[in-house]
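For the single chain, residues carry numbers from 1 onward in sequence order. Numbering of ligands and ligand atoms starts at 1, following listing order. FYI, side chains are in, hydrogens and waters are out, and symmetry mates aren't considered; it's all heavy atoms of this structure.
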Amino acid sequence: MPAISASAPGKVILFGEHAVVYGRPAIAGPVNQVSVKAIVTANPKAPAGSLWIQSPAIGLDSQWSELPADHPLSVTIRNTLQKLGIQRLPACSLRISSTIPVASGLGSGAAVAVAVIRALSSFTGHILQDDEVSQLAYETEKIHHGSPSGIDNTVVTYRRPIFYVKGSPIKLLHVPQPFTILIADTGIPSPTAVTVGDVRHAWQTDPGHLEQLFDEIGSLANQAGDLIESGKVIPLGDLMIRNHHILQALGVSCMELDRLVEAALSAGAFGAKLSGGGRGGNMIALVDAQSAASIAAALKAVGATQTIITEIREPSQ
Ligand code: PMV
């Protein structure tokens, strides 16, 4: 049996993080410059059912059966086999490699799940539809943080810019005018579960105020969706700045993210904001393609540990 591989991209949330958990819309796109690759290789000498997993990025080198039952990889593999109706997997090994930084808002957890689900299903001769892959990855996302909106698994599975509302059918965004996003990493890992939990606590304490902030974010996401679909890109920058201010008010920014936002704007970005869970991880800036490299250099000068220049566009463009 030949080795089977599958990959999944990173993602950025352009508008709407956190509010999306509370039913407001959000916009996200894939980041193909970084990815997770999962390779499944048959291991005929091992007993049936044995699955050896290697994932150097997280220092994992172990039998599947030895992982805790609630380990994200255990959950992903168990749910996938159950979905496929497989009682006993032919003996194999699974190697996972990734260039997506962990806990940085680029969707690493969802990408690992999607790549593993696709590799295992192909290895066993099954084809899962995108909605089935996304649903399985959503179950794994619940391990990473208890009440995920589902935006990460959706954009990583579909690999397209999306307008996302929790519980609604996925809406693929039409992007007549592709645009450039510069991503800059604070280098501070920040688990999404912590900021999502803090926002929930704040919402429980003062629901009226938090609902108002979520409404404002939702309104910005709606406006941004209309602008993107009508090809008006530059005004998105102003909406990003306003979204960042509300995320600051929600308490999910931090000094390092604010510094990168300020530096991006000073260096000529049209707009900038944190992206993902916040309090670390990545900042994104809307930039002119020609200035992207010089703005990236300005961000490195104030502490960005890594920068990625990506384009938001439809796959066929
Ligand atoms: O996984 P991250 O850090 O990209 O954050 C996901 C976005 C949140 O809105 C904060 C959480 C969610 O489930 O949508």
Which residue and atom name correspond to the protein heavy atom nearest [atom], and how close is it?
atom	result
atom 11 (C) of ligand 1	His145 CE1, 3.6 Å
atom 1 (O) of ligand 1	Asp152 OD2, 3.0 Å
atom 7 (C) of ligand 1	Ile13 CD1, 3.4 Å

Would Ser149 count as being in polar contact with ligand 1, using the rule that some N or O on each side must be under 3.5 angstrom apart?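 Yes.
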N or O contact, Gly277 vs ligand 1, cut-off under 3.5 Å: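 By distance alone, the answer is yes.
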Near [X], which atoms of ligand 1 are under 4.0 Å from a heavy atom of that residue?
X	value
Ile151	14 (O)
Val20	9 (O), 14 (O)
Glu17	9 (O)
His18	8 (C), 9 (O), 10 (C)
Pro148	13 (O)
Val21	9 (O), 11 (C), 12 (C), 13 (O), 14 (O)

Is there a side-chain contact between Thr124 and Leu120, using heavy atoms and a 4.5 Å cut-off?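 No, too far: nothing below the 4.5 Å cut-off.
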Quick one: does any side-chain atom of Ser74 pair with a main-chain N or O of Asp70 as donor and acceptor, under 3.5 Å?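 The answer is no, because no donor-acceptor pair under 3.5 Å joins these two groups.
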Without swapping roles, check the side chain of Thr99 against the backbone of Ser35 for a donor-acceptor pair under 3.5 Å.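 Checked: pair present.
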Identify the heavy atoms of [X] and [Y] that sit nearest to each other, and give their distance.
X	Y	result
Ala6	Ala115	CB-O, 3.6 Å
Leu182	Ala292	CD2-O, 4.0 Å
Ser253	His244	OG-CE1, 3.4 Å

Nearest 0.5 Å please: distance from the OH atom of Tyr158 over to the CG atom of Asp131.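 Rounded to the nearest 0.5 Å, the OH-CG separation comes out at 5.0 Å.
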Which of the listed options, Arg279, Glu141, Lys11, holds the heavy atom that is closest to atom 4 (O) of ligand 1?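 Comparing heavy atoms across Arg279, Glu141, Lys11, the nearest one to atom 4 (O) of ligand 1 lies in Lys11.
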Heavy atoms only: which of Val196, Thr192, Leu250 lies closest to atom 3 (O) of ligand 1?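 Among Val196, Thr192, Leu250, the closest heavy atom to atom 3 (O) of ligand 1 belongs to Thr192.
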Residues Thr76 and Thr140: side-chain donor-acceptor under 3.5 angstrom: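 A pair is found: one side chain offers a donor N or O, the other an acceptor, under 3.5 Å apart.
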Only one of Leu286, Leu227, Ile312, Ile228 forms a side chain to side chain contact (heavy atoms under 4.5 Å, CB included) with Val233, so which one is it?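 Single side chain to side chain contact (heavy atoms under 4.5 Å, CB included) partner of Val233 among Leu286, Leu227, Ile312, Ile228: Leu286.
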